[in-house]
Structures are given as structure tokens and as C-alpha cells.
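Take a look at the structure set out below.
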2 protein chains.
Amino acid sequence: MRGDSRLSRMLHVLIHLERGGGPMTSEMIGRMLNTNPVVVRRTMAGLRERGYVQSEKGHGGGWTLARPLDKITLLDVYEALDRPELFCLVPSSDHAECLVEIAVNDALDKTRREAEELLLSRFATIRLSQIADDFETKVAALAR
Amino acid sequence: MRGDSRLSRMLHVLIHLERGGGPMTSEMIGRMLNTNPVVVRRTMAGLRERGYVQSEKGHGGGWTLARPLDKITLLDVYEALDRPELFCLVPSSDHAECLVEIAVNDALDKTRREAEELLLSRFATIRLSQIADDFETKVAALAR
DNA sequence: CGATCTCGCAACAAGTTTTGTTACATGTCT
DNA sequence: AGACATGTAACAAAACTTGTTGCGAGATCG
């Protein structure tokens, strides 16, 4: 499996949490994501620590939203996952003292930082409620 | 080893090729990159196919630039490496039929495409000769 | 012409990272 | 008490990239 789909998966879960009637157990979520409950708990731990979801033990327990989707941005979720790497292309560090290598990495880093700034600033403006609304629109279009 | 440093490494090599007097063997390049000759040949094969470098066998053989650095852009090298993945964050495909998942992936894809366009358009404007010039500037600064 | 050098390529080994799994402890509800 | 459900640590498995070995072919030198 190449690439990190945790961000996408967590958004998926959060929107389902809002729509579903009650708490979802890790096992239900695991089935939804084609994975297993422990992986779900592991991944969602960061969201719990930051107060976006909460988890309850025992009968009727499971995961619930701890704040409405319009109070959570894509950036929030990204950070709750501990800011995973955005880019696959990384600088080489074969001969850190080589000035050619330094010049190359400076050039690459400059464009990387630009792209990172663009991505994160976009993330900050996107609320999960907007994505949920997009979903509603799709459903309405299908119903017609 | 996480991440792909081939782009950085190939830029490094190309600039050294221009500066070095004659051809560089895969073994010399391998020592420079802290890797071995086969990996060098494997990685540089794409550059040869596109005519940015050429390789000669036998005594005095090795790799040489096939065109000047101001005729090669960062995008050219990126494409010669078969356009490796730029982003680590990928869409999930757990339940391709789930409209929530589709809405999530659409949202992520939109920002991803923006960032990709930014990166590749920057790549297209950066000539390797510019990076080599940056290097010269660094050297001059040190010499003072 | 033979020796040496060098690349080309395929097949395999090793290493790394992520994900999946098992096991057990803790807390909660009926 | 018993059934649920999460929390966490330790371990196993899978996937992917890089590294390595081996052999073949072409080029140069003496």
C-alpha cells in the first residue's frame, strides 16, 4: 500500500459519525474502512486527544463527534494525525558538505515550501461541514 | 528510508557532469551518492532515453551530458524519472461506492491538483543552469 | 587478439516502513 | 457477574524501495 490514506479515511469517519444516529464502535468503523478495530483506535487516538471525537467504553459505547463539523477544518484533522509528510520527494543527504548538493536542495526546498503553504492554507479554509454538504448535493442529484 | 530522493540526486549528478572534465563512471557517481553502480545505471536510464545524458562503454567510457544545463529543466528530469508521486497523502478506496467517501476524495483531490499544478509549473521554469549558478555564487561567497 | 574496462539487464537479497493481529488490562452498562 | 468496548503494547505480515550479485555485450588499449 503506497501512500497515506489516513486523512481521507478520518474525514470519511467523521462525516459518518455526524450522520449516524448513535456511537459507532471501532469494529463498525473497521468494517467501513476495510481494516480492523485496533488500527481504527490507533488512528483516531489523535482526534480524541484534540477533542474532535470522544470514545466511551462499555455497552452502547463507541465513538461520537465531540463538536459539530463546521467547527473542524481539514487542517485540524491533518494536525491531529501528527502532520504526516505531504511530499514524497525529499532532499538527498549523501554528501551534506557538497555545495552542489546544497544548491540543489535549496532549489527544491523553495518550491516545496511554496506548495506546502498552498496546501495547508487550503486545508485551513475547508470545514468538514462543507464536505458533508457536497455529499448532500450528490445525494439530492441522484434522487432526482 | 522514507521518501524519494532520486530527483535531488539526479540534479546533483547532472551538475557535476557539466563541471567535471570528462565522463564519470557509474562507480564514481555511486561513490558520490553513497550507493552502488547498478542503482546509478537504473536511475539514469530514464535520463539517457530522453537524451539528457549519454553513456559510453569501454575504456574512458561513462556518463556525459548530452545537452547543456540551460536546455534542461527540473520538469524534464522529473519526467525522465517517470513522474514519481509527488504527494504522500492519497485518497482512500475502501468503499468506492460510498458517496461520503467520494465527496471526501473530491475535496482532497481538488487541493491536491492545485498544489500539483503549482509544483510542476515551477519545475518547468527552473533550468539546471540556474541551480549551477547558485552554486557558483555560494563558492564565490566562501572564497571571500 | 586478448585483457580490461564499462554499461545493460535480470534476478534475487536485504532493509524499512506501514499495516494488521494478538493478547491482556481497564472501564462501563445491564 | 457477565457482556461490551476501548487502550495499549508487543509482535507478525505485507509491500515497496534499495542494494547486490551474476552474466552478457560492446569498446578501448597494448
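The figures that follow rest on heavy atoms only: side chains count, while hydrogens, waters and symmetry mates do not. The sequence lines fix the lettering, A, B, ..., with proteins before strands; numbering per chain opens at 1.
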- Looking at residues 45-53 of chain A, who's got a heavy atom less than 4.0 Å off DNA chain C? none
- Rounded distance [0.5 Å steps], CD in B:Glu101 versus CD1 in A:Ile15: 10.5 Å
Tell me the interatomic distance from [X], atom [atom1], to [N], atom [atom2], rounded to whole angstroms.
{"X": "B:Met24", "N": "C:dC7", "atom1": "CE", "atom2": "C1'", "value": "15 Å"}
{"X": "A:Met28", "N": "D:dA5", "atom1": "CE", "atom2": "C1'", "value": "12 Å"}
{"X": "A:Glu85", "N": "C:dT17", "atom1": "CD", "atom2": "C1'", "value": "13 Å"}
{"X": "A:Asn34", "N": "C:dG20", "atom1": "CG", "atom2": "P", "value": "9 Å"}
{"X": "B:Arg6", "N": "D:dC16", "atom1": "CZ", "atom2": "C1'", "value": "12 Å"}
{"X": "B:Asp4", "N": "D:dT17", "atom1": "CG", "atom2": "P", "value": "8 Å"}
{"X": "A:Arg31", "N": "C:dG20", "atom1": "CZ", "atom2": "P", "value": "16 Å"}
{"X": "A:Glu56", "N": "C:dT30", "atom1": "CD", "atom2": "C1'", "value": "16 Å"}

- A:Met28 with A:Leu33, same ILVMFWY side-chain cluster at under 4.5 Å: yes
- Task: Look at the side-chain heavy atoms of Ile, Leu, Val, Met, Phe, Trp and Tyr, link any pair under 4.5 Å apart, and say whether A:Ile131 and B:Leu99 land in one connected group.
- Result: yes
- Message: Looking at A:Ser55, I'd like to know whether one of its side-chain N or O atoms comes within less than 4.0 Å of OP1 or OP2 on D:dT6.
- Response: no
- Query: Does A:Thr25 have a side-chain nitrogen or oxygen under 4.0 Å from the phosphate oxygens OP1 or OP2 of D:dA5?
  - Reply: no
Would you be so kind as to tabulate the donor-acceptor pairs closer than 3.5 Å made by side chains of residues 55-66 of chain B, with sequence neighbours excluded?
| from | atom 1 | to | atom 2 | distance (Å) |
| --- | --- | --- | --- | --- |
| B:Glu56 | OE2 | B:Gln54 | NE2 | 3.3 |
| B:Trp63 | NE1 | B:Ser26 | OG | 3.0 |

Using the 3.5 Å cut-off, write out each protein N or O paired with an N or O of nucleotides 21-25 of chain C and the distance between them.
| from | atom 1 | to | atom 2 | distance (Å) |
| --- | --- | --- | --- | --- |
| C:dT21 | OP2 | A:Asn36 | ND2 | 2.9 |
| C:dT21 | O4 | A:Arg42 | NH2 | 2.9 |

- Write out the stems for DNA chain C, ordered by first number and formatted as range with range, counting runs of at least 3 consecutive Watson-Crick or G-U wobble pairs under 3.5 Å. C:1-30 with D:1-30
Quick one, [X] and [Y] - any side-chain contact, counting heavy atoms below 4.5 Å?
{"X": "A:Val39", "Y": "A:Thr43", "value": "yes"}
{"X": "A:Met32", "Y": "A:Arg9", "value": "no"}
{"X": "B:Gln130", "Y": "B:Thr73", "value": "no"}

Would you tabulate the side-chain donor-acceptor contacts of residues 120-129 of chain A under 3.5 Å, counting partners in other chains and residues two or more places apart, or write 'none'?
| from | atom 1 | to | atom 2 | distance (Å) |
| --- | --- | --- | --- | --- |
| A:Ser121 | OG | A:Glu117 | O | 3.1 |
| A:Ser121 | OG | A:Leu118 | O | 3.0 |
| A:Arg122 | NE | B:Glu114 | OE1 | 2.9 |
| A:Arg122 | NE | B:Glu114 | OE2 | 2.9 |
| A:Arg122 | NH2 | B:Glu114 | OE1 | 2.6 |
| A:Thr125 | OG1 | A:Arg122 | O | 2.8 |
| A:Arg127 | NE | A:Asp70 | O | 3.3 |

- Message: Does A:Ser5 form a side-chain hydrogen bond (donor to acceptor under 3.5 Å, both in side chains) with B:Ser92? I'd like the steps, not just the answer.
- Response: CA-CA 5 Å; A:Ser5 61; B:Ser92 60; 5.9 Å; no
- Task: Quick one: closest heavy-atom pair of A:Leu47 and A:Ala80, and the distance?
- Result: CD2-CB, 3.4 Å
- Note on the structure: Assert: residue with more 5' nearest nucleotide on DNA chain C, out of B:Gly58 and A:His59, is B:Gly58
Identify each donor-acceptor pair in which a side-chain atom of residues 81-89 of chain A lies under 3.5 Å from a protein atom, sequence neighbours left out, and give them as a table.
| from | atom 1 | to | atom 2 | distance (Å) |
| --- | --- | --- | --- | --- |
| A:Arg83 | NE | A:Glu79 | OE2 | 3.4 |
| A:Arg83 | NH2 | A:Glu79 | OE2 | 2.7 |

